[in-house]
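Letters A, B, ... mirror the listed sequences (proteins, then strands); counts begin at 1. Here the structure is a predicted model, which means the values were calculated and not measured. Below, each value reflects all heavy atoms present in this structure, side chains not excepted, and no hydrogens, waters or symmetry copies.
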There are 2 protein chains.
Amino acid sequence: MKNTKQKILVLDIVNNNRCHSNAEDIYNIARKTIPNISLGTVYRNLNSLVEEKHIKRIKMDDGIDRFDNMIYPHDHFICTKCNTIIDVDEVNHCDFKEISGNKVMSYEIYYKGICKNCLEEEK
Amino acid sequence: MKNTKQKILVLDIVNNNRCHSNAEDIYNIARKTIPNISLGTVYRNLNSLVEEKHIKRIKMDDGIDRFDNMIYPHDHFICTKCNTIIDVDEVNHCDFKEISGNKVMSYEIYYKGICKNCLEEEK
DNA sequence: CTCCTAACTAGTAATGATTACTAATTAAAG
DNA sequence: CTTTAATTAGTAATCATTACTAGTTAGGAG
């Protein structure tokens with residue numbers, strides 16, 4: 001578990017980015033600080049950080065994973081038209097410990113629909 | 001919008017399968033009825049059926065999509081150890097129509113943890 | 001502060017689920 | 001029964017992600 005500058009940078013980018021970037025985006029931002037950082041390194045560190053529960057992976061319908069900070073608990077609204085992700089302050093805190101004998105460690109809510117911007121454009 | 005026998009078969013397989021199969025599984029089951037059905041045809045029909053909201057796509061961490069019927073409303077528990085998906089009867093029916101100006105059409109809850117079987121094996 | 005070594009990285013090649021393509025087939029409307 | 005646009009089988013291509021390898025480095029022991 002070495003704390004490399006690459007790993008610290010990746011975590012820092014995810015934590016300071018409010019826009020749910022994908023690996024490629026994070027790679028491009030990271031190159032501004034470490035110009036020869038490798039895309040594979042970004043992927044590997046994103047995977048470690050998800051495993052260590054420092055960041056969250058959001059699986060999108062387009063098949064490209066996005067990554068989000070876990071600084072405060074929140075859910076997500078995903079616009080099915082423009083694919084934007086919008087943070088939703090946790091409204092329903094259901095703290096199940098157990099469902100039918102299965103041990104619940106966490107849960108995620110994904111709201112889907114049309115975002116404010118796309119609704120405007122439809123008019 | 002043609003109702004081909006391939007599409008009807010794919011829908012039928014998803015609806016009669018309680019185990020959240022992936023495209024490859026569904027392809028293998030489909031071949032028992034239509035031996036020369038193409039894997040591409042299975043993928044295309046799964047995509048159409050998801051778009052038409054006849055079935056649901058479940059995005060897994062291993063990157064392989066699973067498919068589920070929509071006969072009755074339910075959520076999912078995913079075991080992070082063995083990757084099994086377990087149906088959860090809807091416990092929290094929250095019917096938001098709108099969140100911060102964004103129009104909510106649907107929502108999904110994913111519970112994550114360790115399933116009954118894996119808990120047993122840990123002992 | 002060195003030395004040591006397991007863990008990590010850069011760069012590149014490989015993987016594999018999914019999609020795209022094309023000639024042939026077919027559902028279904030008139 | 002025609003007609004035709006949509007669909008299919010079979011195969012090739014795509015591309016996000018992972019694997020691999022020689023070289024580098026974090027950080028603990030001495």
Take atom [atom1] of [X] and atom [atom2] of [N], then tell me their distance rounded to the nearest Å.
X       : N      : atom1 : atom2 : value
B:Gln6  : C:dA24 : CD    : C1'   : 13 Å
A:Arg44 : D:dT25 : CZ    : P     : 14 Å
B:Ile37 : D:dG10 : CD1   : P     : 10 Å
B:Leu46 : C:dA17 : CG    : P     : 15 Å
A:Tyr27 : C:dA10 : OH    : P     : 9 Å
B:Lys59 : D:dT17 : NZ    : P     : 10 Å
B:Met60 : C:dT18 : CE    : P     : 12 Å
B:Ile8  : D:dT7  : CD1   : C1'   : 13 Å

Given [options], which nucleotide is nearest the side-chain atoms of [X]?
X       : options               : value
A:Thr4  : C:dT9, C:dA10, D:dT17 : C:dT9
B:Ala23 : D:dA9, C:dT18, C:dT9  : C:dT18
B:Asn36 : D:dA9, C:dA10, D:dT17 : D:dA9
B:Ser38 : C:dA10, D:dA9, C:dC8  : D:dA9
B:Leu39 : C:dT18, C:dT9, D:dT8  : C:dT18
B:Asn3  : C:dA28, D:dT8, C:dA10 : C:dA28

Original post:
Going by the angle between their ring planes, with limits at 30° and 60°, are B:Tyr110 and B:His76 parallel, tilted or perpendicular?
Top reply: parallel
**OP:** Scan A:Asn45 against the nucleic acid and name what it touches under 4.0 Å (heavy atoms): base, sugar-phosphate only, or nothing.
**Re:**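 A:Asn45: backbone/sugar contact only, no base atoms under 4.0 Å.
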**OP:** Pick base, sugar-phosphate or nothing for A:Asn22, based on heavy-atom distances below 4.0 Å to the nucleic acid.
**Re:**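 Here A:Asn22 touches no strand at all.
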Original post:
Got a sec: does the CD of A:Glu98 have more than 12 other heavy atoms crowding it under 6.0 Å?
Top reply: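 Enclosed.
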**OP:** Decide if atom NZ of B:Lys7 counts as having more than 12 heavy atoms of other residues, nucleotides or ligands within a radius under 6.0 Å.
**Re:** yes
Original post:
Under 3.5 Å, is there a donor-acceptor pair between the side chain of A:Ser48 and the main chain of A:Arg44?
Top reply: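 Side chain of A:Ser48 to backbone of A:Arg44: a pair is present.
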**OP:** Please tell me which of B:Lys2 and B:Val42 maps to the more 5' nucleotide of DNA chain D, matching each residue to the nucleotide holding its nearest heavy atom.
**Re:** B:Lys2
Subject >> Residue met sooner reading DNA chain D from 5', once B:Lys5 and A:Tyr43 are mapped to nucleotides >> reply: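 It is B:Lys5 whose nearest nucleotide is closer to the 5' end.
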Original post:
Is the shortest heavy-atom distance from the side chain of B:Cys115 to the side chain of B:Ile86 under 4.5 Å?
Top reply: yes
**OP:** State whether the distance check finds a donor on one side and an acceptor on the other, under 3.5 Å, for side chain B:Lys7 versus base D:dT7.
**Re:** no
